[in-house]
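For clarity, every value in this text was computed on a predicted model and none was experimentally measured. We're numbering straight along the sequence, starting at 1.
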Amino acid sequence: MKKGKLAKLYTITTAAVLAGSLIMPVAPQTAHADRGVVDLWKAIKPLATIASAMNTGAHPDDEHSAMLAYLSLGRGVDTSSVIANRGEGGQNEIGSELGNALGIIRTRELQEASKITNIHLENLSEKIDDPIFDFGFSKSPDETLEKWGEQVAYEKLIRKIRTIRPDVVIPAFLNEPSTHGHHRAINVITVRAFKDAADPNIFPEQIKEGLAPWQVKKLYLPAKESDYSVSVPVGDYDEIYGASYLQLGEESRFMHKSQGMGRHYDEGPTLNYYKLDQAVVESKKKETDFFDGIAYTFDDLAKEVANQPGGEKIAADLKKLQKDSSEVIAAYPQFATVAKEVHEMLADVQKTTATVKAANLPADTKTDLLHRLDVKQAQLNKASAEALSLVTKVKPETTELVAGQKTKVTVTAYNGGQSKISKVDLKLNVPAGWTAKALSTTSFSQLGYNQTVKTTFDVSVPANAELFQPYAAPAITADVSYSLSGQAANSHVVPADAIAVLPSFSLVPSPSATVLNTQKPEEPIPVKVTVKNYNPGAAQTNISLDVPKGWTVEPKAAPLAFDAKGETKSVAFTVKAAASVKPDQYTITAVATGGGKESRHGVQVIRYPHLGTTYFVQPSTVAIQAFDLKVPAGLKVGYVSSGFDNIDQYLSQVGVNVTNLTAKDIESGDLSQYNTIVLGIRAYGFRPELIPSNERLLKYVENGGNLVVQYHKPEDKWKPELAPYPIKIGAPLIQWRVTDENSKVTMLAPDHPLFNTPNKITDGDWDNWIQDRSAYNPAEWGKEYTELIANGDPGENEFTGTFLSAKYGKGTYTYSSLVWYREIPALVPGAIRMFVNMVSLHQ
């Protein structure tokens, strides 16, 4: 097969194979790395270099994908990406998940993207609700580090640098005012870490744990063509991949589907620019490479070691490894020959490691050499499996377990190559407290072409097993060890999908959050609990609700019997608040009891084609916000959802008659039947029927209708003339938002109906908002609009175009950049009151 032009049509990415053989469309398409010889090249390319680089960023999708593809896929550099948070505060372009559920999606997208560029991924945020959280847009690195806990974030970054030990570090963003505060914060602590990671007095507890200080050799910052030190040729075309590194990087960016990432680029020269900020090696104003002045090959390393005490023998060993790596590369693409050379190099790495351990070298030199040799051994293990076409798998009987359950897990090894391997040993790894008992032999003397060996294990999950944590390492993995020509290697295997310990019964209350109108405390609150049986067979339980003191619930409890795992049933309850209920926050919890077990959690299954399946396990609670609310009788609202918010559901809860409008409704339906029509956030960009039907919507207003439009970005096909009087959105978008949820709000038109009917809006209604005030505020608007509020972040100019309303014909048009889609699901009383007022105009 010719190396260059591998089949491009119907090609399958490595990441997609792992996620379930997602076949990409023929056209238009990005470049797609194939399997077989391409994966072999990806595995052996890193063997020729000992250099390493790290890219740091704040959110999933912050990585410099083209540069990472160039370093990892093109140069073979040991490349890592360290991302601070999970992107929980972002928006979602593929579903309605927000908050932690979105963070789980974005984390999985980042993991799949990282597989494509063949990089090592780390996150500073380690668990759900970690303090290093995406709390929404920030204009200040100081605010970001204060909310994250500056020492917490910095300690974790220093730990990552001391563990991974990169030669070069490149933060993804600059610390400049026009940049997101999260991006600026990562820049600040990355630049500071350049020196501090090498100082044993900084976080000395890490040194006591066994981590060694590490001095990064160079730190680069993103730069412009007019002022740079290094240009990275990301537009270079790689014949083996059949794509440029820019295209390969974009292939990974297409995995960030929830953020609408990924672009199609044509072939041709393209450069990324970086400027040297700090260095401990001699450098020039203009450099040819990130690694100028840094040991890049084993030969370079040998030169550094040769003059140290006891270094001559080690230098000779390192030169032998340089020869070994060249022989591996030269053998490509002959699989069996590559496998032979890889195992010879693996033996030499192990010999060199033993020599270094026994040598009387300075401690820092010894630590550095051993780290680089450990990295090389891991790379060789991966290269061995690829060269041998050794396919190893962990195959669970079920991926959904409960505490106390027994199950079976099979480990398999298949030899698809021409080299016969020997001494195959299959090992299953389970968490502490679990047991795994092999039901047959785990050792096999030989494994030839097209043969499979397997061992099934009886696995017992302890009664106190922790529930699934989506950011934790896989609970069950396997190691397959084997030999070729007397040299052992190991393949570490993770399951294709998450193996999760879930509650015996998943309890999902509906609604998950609701309003209690203290003007009508006697009105019952209906709560439906959907119960799914995750026990491995028939099971029984009693479902009840824990309610606040003085509240009542009917029925007291409801028994449920399930015939099989996966069966779902539901129970309806009626909850009534105490007659004396006061405005406050309350919680109702669904509980399943029986058989000595109790479940108080629900399971949200998160499944997308590009991600596979994962889970979000959370308490089975209903959040109740009690406050005074007036809702006009008979109010009828048509809601045009973009798929990014669920405000319509909350309007229904408070007594508004809401209809979700279809494309047909908008294009040809009777719009006059609705008192109000609401467009969800960014609807013009995601409801293609809206722009052709915009004149119908404006005619609806002219004839007496009430049209409410929530915020848009210019890329949502927004044009000023879509509004009855022009509205132009401010740019750059980053500067036209208010991020302080506690910022002062002044009502400029306090007598306007929006602030008086049917609910009287006061200054207190702007309290207890979350995350932001507004996004993508208008910069210009027609004089016909009434400016309803003035609001800005502390120390900045206030915006007066955030909340605009105008009469148009007999009706009213209102445009609002307030972040209703966050406030209303969070049950912020003032936001709900104002939204009800907004949809009640003309009532």
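- A ring-ring contact (aromatic ring centres under 6.0 Å, His included) with His182 is found for one member of Trp148, Phe137, Phe133 and no other, namely Trp148.
- Between the side chains of Gln379 and Lys376, at least one donor-acceptor pair of N or O atoms lies under 3.5 Å.
- Judged by distance alone, the side chains of Asp62 and His59 do bring a donor and an acceptor atom under 3.5 Å apart.
- Of the N and O atoms on the side chains of Ser641 and Asn660, not one donor lies less than 3.5 Å from an acceptor on the other residue.
- Shown here is Lys713, whose NZ atom has more than 12 heavy atoms of other residues, nucleotides or ligands within 6.0 Å.
- Judged purely by distance below 3.5 Å, without hydrogens or angles, the side chains of Ser138 and Thr739 never pair a donor atom with an acceptor atom.
- With hydrogens and angles disregarded, no donor-acceptor distance shorter than 3.5 Å links the side chain of Gln649 to the backbone of Asn646.
- Considering OG1 of Thr144 and NZ of Lys139, their distance stands at 12.5 Å, rounded to 0.5 Å.
- The structure places CD1 of Ile734 at 8.0 Å from NE2 of His183, a figure rounded to the nearest 0.5 Å.
- Counting only heavy atoms from C-beta outward, the side chains of Trp434 and Val459 approach each other to under 4.5 Å.
- Atoms CD1 and OG, from Ile119 and Ser114 in turn, are 4.0 Å apart once rounded to the nearest 0.5 Å.
- The existence of a salt bridge linking Arg162 and Glu155 is excluded, since no basic side-chain nitrogen approaches an acidic carboxylate oxygen closer than 4.0 Å.
- Side-chain atoms of Ser72 do not come within 3.5 Å of backbone N or O of Ala69 as any donor-acceptor pair.
- Between Tyr608 and His610, the ring planes are perpendicular. Angles over 60° get that label, and only those under 30° would be called parallel.
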Quick one, Arg682 with Asp645, criterion salt bridge (charged side-chain N to carboxylate O under 4.0 Å, His left out). Give me CA distance, side-chain angles, the key distance, then yes/no. CA-CA 10 Å; Arg682 308 182 62 194; Asp645 69 68; over 6 Å; no
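- Side chains of Thr410 and Lys454: a donor-acceptor N/O pair is absent below 3.5 angstrom, by distance only.
- Checked by atom type, the side-chain pair Thr621/Thr589 shows no donor-acceptor distance below 3.5 Å.
- Side-chain contact between Leu467 and Pro503 is present, with at least one heavy-atom pair separated by less than 4.5 Å.
- In Glu715, the CD atom is crowded: over 12 heavy atoms of neighbouring residues, nucleotides or ligands sit closer than 6.0 Å.
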Determine whether Val394 and Ile476 satisfy the following criterion, side-chain contact (heavy atoms from CB on, under 4.5 Å), listing intermediate values before the conclusion. CA-CA 8 Å; Val394 177; Ile476 296 177; 4.3 Å; yes
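- Here the CG-CD1 distance, from Asn55 to Ile83, works out to 6.5 Å after rounding to the nearest 0.5 Å.
- Looking only at atom types and distance, the side chain of Lys565 has a donor-acceptor partner in the side chain of Thr398 under 3.5 Å away.
- Side-chain N or O atoms of Ser620 include one that pairs as donor or acceptor with a backbone N or O of Ala590 at under 3.5 Å.
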Set out, in order, the CA-CA distance, both residues' side-chain angles and the distance that settles side-chain hydrogen bond (donor to acceptor under 3.5 Å, both in side chains) for Ser81 and Glu63, then state yes or no. CA-CA 7 Å; Ser81 175; Glu63 65 273 22; 5.3 Å; no
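- The two residues Asn118 and Lys42 come nearest to each other via the heavy atoms ND2-O, 3.5 Å.
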Please test Glu567 against Asn533 for side-chain hydrogen bond (donor to acceptor under 3.5 Å, both in side chains), starting from the C-alpha separation and ending with a verdict. CA-CA 6 Å; Glu567 190 177 353; Asn533 175 33; 5.9 Å; no
Could you please spell out the steps behind the side-chain contact (heavy atoms from CB on, under 4.5 Å) verdict for Glu823 and Val819? CA-CA 7 Å; Glu823 308 310 321; Val819 288; 3.4 Å; yes
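- Here Asp39 does not pair with Lys382 in a salt bridge; the nearest charged N to carboxylate O distance is not below 4.0 Å.
- Of all heavy-atom pairs between Leu502 and Val617, the closest is CD2-CG2, 3.9 Å.
- Counting heavy atoms from C-beta outward, Val409 and Glu397 have side chains that stay 4.5 Å or more apart.
- No side-chain N or O of Thr412 forms a donor-acceptor pair with one of Thr452 less than 3.5 Å apart.
- When all heavy atoms of Ala826 and Ile770 are compared, the closest pair comes out as CB-CD1, 3.6 Å.
- Side-chain contact of Gln469 with Tyr615: a donor-acceptor pair under 3.5 Å is absent, judged by distance alone.
- Ring-plane geometry between Phe254 and His264 is classed as tilted, the angle between the planes lying from 30 to 60 degrees on a 0 to 90 degree scale.
- Here the closest heavy-atom approach between residue Asn100 and residue Phe616 is recorded as CB-CZ, 3.6 Å.
- Contact check on Arg108 versus Glu112 returns a salt bridge, with a Lys/Arg side-chain nitrogen under 4.0 Å from an Asp/Glu carboxylate oxygen.
- Looking at Lys427 and Asp479, no side-chain N of the basic residue comes within less than 4.0 Å of a carboxylate O on the acidic one, giving no salt bridge.
- Gln247 contributes a side-chain N or O that, together with a main-chain N or O of Ser244, makes up a donor-acceptor pair within less than 3.5 Å.
- Salt bridge Lys160/Glu122: present, at least one basic N to carboxylate O contact under 4.0 Å.
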Evaluation steps, side-chain contact (heavy atoms from CB on, under 4.5 Å), between Leu827 and Ile824: CA-CA 5 Å; Leu827 304 181; Ile824 290 177; over 6 Å; no
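- For the pair Lys717 and Tyr684, the NZ or CZ position fails the cation-pi test of under 6.0 Å to the six-membered ring centre and within 45 degrees of the ring normal.
- Open room surrounds NZ on Lys395; 12 or fewer heavy atoms of other groups in view lie less than 6.0 Å from it.
- A side-chain hydrogen bond (donor to acceptor under 3.5 Å, both in side chains) with Ser258 is found for one member of Arg106, Glu109, Glu93 and no other, namely Glu109.
- Side-chain atoms of His64 and Tyr274 include a donor-acceptor pair closer than 3.5 Å.
- A side-chain donor-acceptor contact under 3.5 Å links Thr107 to the backbone of Gly103.
- Within a 6.0 Å radius of NZ in Lys406, other residues, nucleotides and ligands contribute 12 heavy atoms or fewer.
- Side chain of Gln259 to backbone of Gln91: a donor-acceptor contact under 3.5 angstrom is found.
- Side-chain contact between Thr79 and Met67 is absent, with no heavy-atom pair separated by less than 4.5 Å.
- Judged purely by atom type and a 3.5 angstrom limit, Asp497 uses its side chain to pair as donor or acceptor with the backbone of Thr613.
- The shortest heavy-atom contact between Thr477 and Leu428 is O-CD1, 3.4 Å.
- At least one side-chain heavy atom of Tyr821 sits less than 4.5 Å from a side-chain heavy atom of Leu98.
- Here the straight-line distance linking atom CZ of Arg86 with atom CD1 of Ile132 works out to 10.0 Å at 0.5 Å rounding.
- When only modelled atom types and interatomic distance are considered, Tyr245 and Asp238 share a side-chain donor-acceptor pair under 3.5 Å.
- Taking all atoms of both residues into account, the shortest heavy-atom contact from Leu248 to Thr117 is O-CG2, 4.5 Å.
- Between the CG atom in Leu733 and the OH atom in Tyr776 there is a gap of 6.5 Å [rounded to 0.5 Å].
- Side chain to side chain, Thr56 and Thr190 meet the donor-acceptor criterion of an N or O pair below 3.5 Å.
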